[in-house]
**Q** 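Dumping the structure here so I can ask a few things about it.
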Amino acid sequence: MRKVLIIAGPTATGKSAFAVQCAKAFDGEIINGDSQQVYRQLSIGTAKITDDQKQGVPHHLLDILEYSQPYNVADFQKAARAAIEDIASRGKLPILCGGSGHYLKAVLYDYDFKSEPVSELTYDELNDQALYDLLLSIDPLAAEKIHMNNRKRVLRAINLGLSGPLKSQREAAQNHEPIYDCFMVVMTVERDLLNQRIEERVSAMKDHGLIEEVTTFFASKEAQSFQSFLGIGYKEFRGFLNGTETAETAIELIVTHTRQFAKRQLTWFRHQFEARWVNALDHSDLTQVQDEIRLWHSQEKP
RNA sequence: GGGGAGAUAGCGAAGUGGCUAAACGCGGUUGACUGUAAAUCAAUUCUCUACGAGUUCGGCGGUUCGAAUCCGUCUCUCCCCA
């Protein structure tokens, strides 16, 4: 089993820096586990690590796509697993660092995204209730776990069932266990402090030219339809770009959305993973985790 | 100085006699999550000794069986004319 060190946690807790520190301490290479930082053009709004901050440590899955391209969990799973294999085969420690819980889990656990084409019917003529009834008739087991109002999920489950094995069957076929020897760290900061750091970070983005980045790449209506525009830090500028709102309003929205996002990340990490939680501001705690990682790193799993 | 409008829960905003602890939106809290996940969705949000009880709709005082809703008065805010 390949060893993989995971540095997770909500935004603005210092994951990137700690990952670099670990890479240097354990001869590792970093794999970006963040869904927006894959885009070459988008750096400021995604809080991408700078070349300086990388300190010579190789980073994978960063700047691999044009911002006009779509990207999804399956793509990430494939690329990240390949990167893990590549890094480990050269005797280095793969370090997965990111805040997209779903992405991380898809790589680490035995999620199986089949490559068969799945239909993309949208059933616009059906209301939520009717759509949900349809799912109930196709895959009642899956329906049990999806809320009727969550159209996106209901739709996906229907399309999966129509194109191959049912969603519920696909999941029943998995072991729901990690396929790597994982050590997962979740960096965290007390909520009030975290909110404060988020505010500071967003205002720093502004100082570093976020508005220029946005107007450079997302001025056109076409660009505003790219998936990358959906990221926090960009979509908030829609009103500004169309001349109906100020940049200030956008900045405030980014802060709020980032705060809400951090909360969701925390929820995910709390409930979806077994992890070693670390207070990112506590140096002795950070040092202690490094010791624990060292121990894990040096032992072969039976 | 004269005339007009308004004060509703953290914020915005409905409600003009009982069905109102008070619509709705935002924000907050909690949670779900298997191909857009920085997405999508749900629950909850006056207080408490919490399947019941107690206090709310600027303050005070009335009318009424019953008021956020009607009357009087005070305070504050905004607009117009001087």
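Labels below follow one simple rule: chain letters A, B, ... track the order of the sequence lines, proteins then strands, and each chain is numbered from 1. When reading the values below, keep in mind they use all heavy atoms of this one structure, side chains included, and skip hydrogens, waters and symmetry mates.
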**Q** Relative to each other, are the rings of A:Phe217 and A:Tyr67 parallel, tilted or perpendicular (30° and 60° limits)?
**A** perpendicular
**Q** Just checking A:Glu116: does its CD atom have more than 12 heavy atoms from other residues, nucleotides or ligands closer to it than 6.0 angstrom?
**A** yes
**Q** Please determine, for the side chain of A:Phe113, which listed nucleotide (B:A38, B:G28, B:U34) has the closest atom?
**A**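 It is B:U34.
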**Q** Taking atom types as they are modelled, is there a donor-acceptor pair under 3.5 Å from the base of B:A38 to the side chain of A:Asp34?
**A** yes
**Q** Pick the closest RNA chain B nucleotide for A:Tyr111 and for A:Arg264 by heavy atoms, then say which residue is nearer the 5' end.
**A** A:Tyr111
**Q** Output the rounded distance in Å from CD (A:Gln260) to C1' (B:A38).
**A**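 It is 12 Å, rounded to the nearest whole Å.
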**Q** Answer yes or no: is there an ion pair linking A:Asp63 with A:Lys48, defined by an N-O contact shorter than 4.0 Å?
**A** yes
**Q** Identify, residue by residue, the members of residues 116-150 of chain A with a heavy atom below 4.0 Å from RNA chain B, and return them in order of residue number, or none.
**A**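 Under 4.0 Å from RNA chain B: A:His147, A:Asn149, A:Asn150.
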**Q** Where the side chain of A:Ser100 meets the backbone of A:Ser35, is there a donor-acceptor pair that is under 3.5 Å apart?
**A** yes
**Q** According to a strict under-4.0 Å criterion, is A:Arg191 in side-chain N/O contact with OP1 or OP2 of B:U29?
**A**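 Answer is yes, contact under 4.0 Å.
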**Q** Just the rounded figure in Å: distance from P of B:A37 to NZ of A:Lys235.
**A**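 Value for this atom pair: 11 Å.
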**Q** What base-paired stems does RNA chain B take part in, with at least 3 consecutive Watson-Crick or G-U wobble pairs and both distances under 3.5 Å?
**A**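 When the pairs of RNA chain B are grouped into runs of at least three, the stems are B:1-7 with B:75-81, B:10-12 with B:24-26, B:27-32 with B:40-45, B:46-48 with B:52-54, B:58-62 with B:70-74.
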**Q** Distance check needed: B:A38 C1' versus A:Arg259 CZ, whole Å only.
**A** 15 Å
**Q** So, for A:Ile44 and A:Glu213, which heavy atoms are closest and what is the spacing to 0.1 Å?
**A**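 Minimum heavy-atom separation between A:Ile44 and A:Glu213: N-OE1, 2.9 Å.
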**Q** Which comes earlier along RNA chain B counting from the 5' end, the contact point of A:Glu236 or that of A:Ala74, where each point is its nearest nucleotide?
**A**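 That would be A:Ala74.
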**Q** Can we say A:Lys145 and A:Glu171 salt-bridge, meaning some charged N sits less than 4.0 Å from an Asp/Glu carboxylate O?
**A**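 The answer is yes: the pair qualifies as a salt bridge.
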**Q** Verify the ring-centre separation between A:Phe229 and A:Tyr234: is it less than 6.0 angstrom?
**A**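 When the ring centroids of A:Tyr234 and A:Phe229 are compared, they turn out to be at least 6.0 Å apart.
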**Q** Expressed in angstrom and rounded to an integer, what is the separation of A:Arg151 atom CZ from B:U36 atom P?
**A**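 Distance check: A:Arg151 CZ to B:U36 P gives 16 Å.
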**Q** To the nearest Å, give me how far apart CZ (A:Phe273) and P (B:A37) are.
**A** 15 Å
**Q** Is the ring pair A:Phe183/A:Trp296 parallel, tilted or perpendicular, if the boundaries are 30 and 60 degrees?
**A**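 The arrangement is tilted - the two ring planes meet at 30° to 60°.
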**Q** Hey, does A:Tyr234 reach any base, or is it just sugar-phosphate, or nothing, if we go heavy atoms under 4.0 Å?
**A**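 Contact class for A:Tyr234: none.
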**Q** Please say whether the positively charged group of A:Lys105, taken as NZ for Lys or CZ for Arg, lies over the ring of A:Tyr109, i.e. under 6.0 angstrom from the six-membered ring centre and within 45 degrees of the axis.
**A**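 Here A:Lys105 passes the 6.0 Å and 45° test against A:Tyr109.
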**Q** Give me the residues of residues 163-179 of chain A where at least one heavy atom lies under 4.0 Å from an atom of RNA chain B, by number, or none.
**A** A:Lys167, A:Glu171, A:Gln174, A:His176
**Q** Using a strict 4.0 Å threshold on nitrogen-to-oxygen distance, state whether A:Glu29 and A:Arg90 make a salt bridge.
**A**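 So A:Glu29 pairs with A:Arg90 through a salt bridge.
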**Q** State whether A:Lys92 and A:Asp86 are salt-bridged, where the test is any N-O pair (Lys NZ or Arg NE/NH1/NH2 against Asp/Glu carboxylate O) under 4.0 Å.
**A**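 Salt bridge: no.
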**Q** Using a heavy-atom distance cut-off of less than 4.0 Å, which residues of residues 198-223 of chain A contact RNA chain B?
**A** none
**Q** Can you tell me how far C1' of B:A39 sits from OH of A:Tyr39, to the nearest Å?
**A** 12 Å
**Q** Name the nucleic acid region contacted by A:Thr46, choosing base, sugar-phosphate or nothing; use a 4.0 angstrom heavy-atom cut-off, strictly under.
**A**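 If one applies the 4.0 Å heavy-atom cut-off, A:Thr46 turns out to touch a base.
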**Q** Who pairs with A:Glu85 by side chain to side chain donor-acceptor pair (under 3.5 Å), at least two apart in sequence or on another chain?
**A**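 Applying side chain to side chain donor-acceptor pair (under 3.5 Å) to A:Glu85 gives A:Arg2.
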**Q** Taking A:Glu190 first and then A:Arg197, would you say they form a salt bridge - that is, a charged N and a carboxylate O separated by under 4.0 Å?
**A** no
**Q** Under the side-chain contact (heavy atoms from CB on, under 4.5 Å) test, which residues partner A:Glu200, sequence neighbours left out?
**A**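 side-chain contact (heavy atoms from CB on, under 4.5 Å) list for A:Glu200, sorted by chain: A:Gln196.
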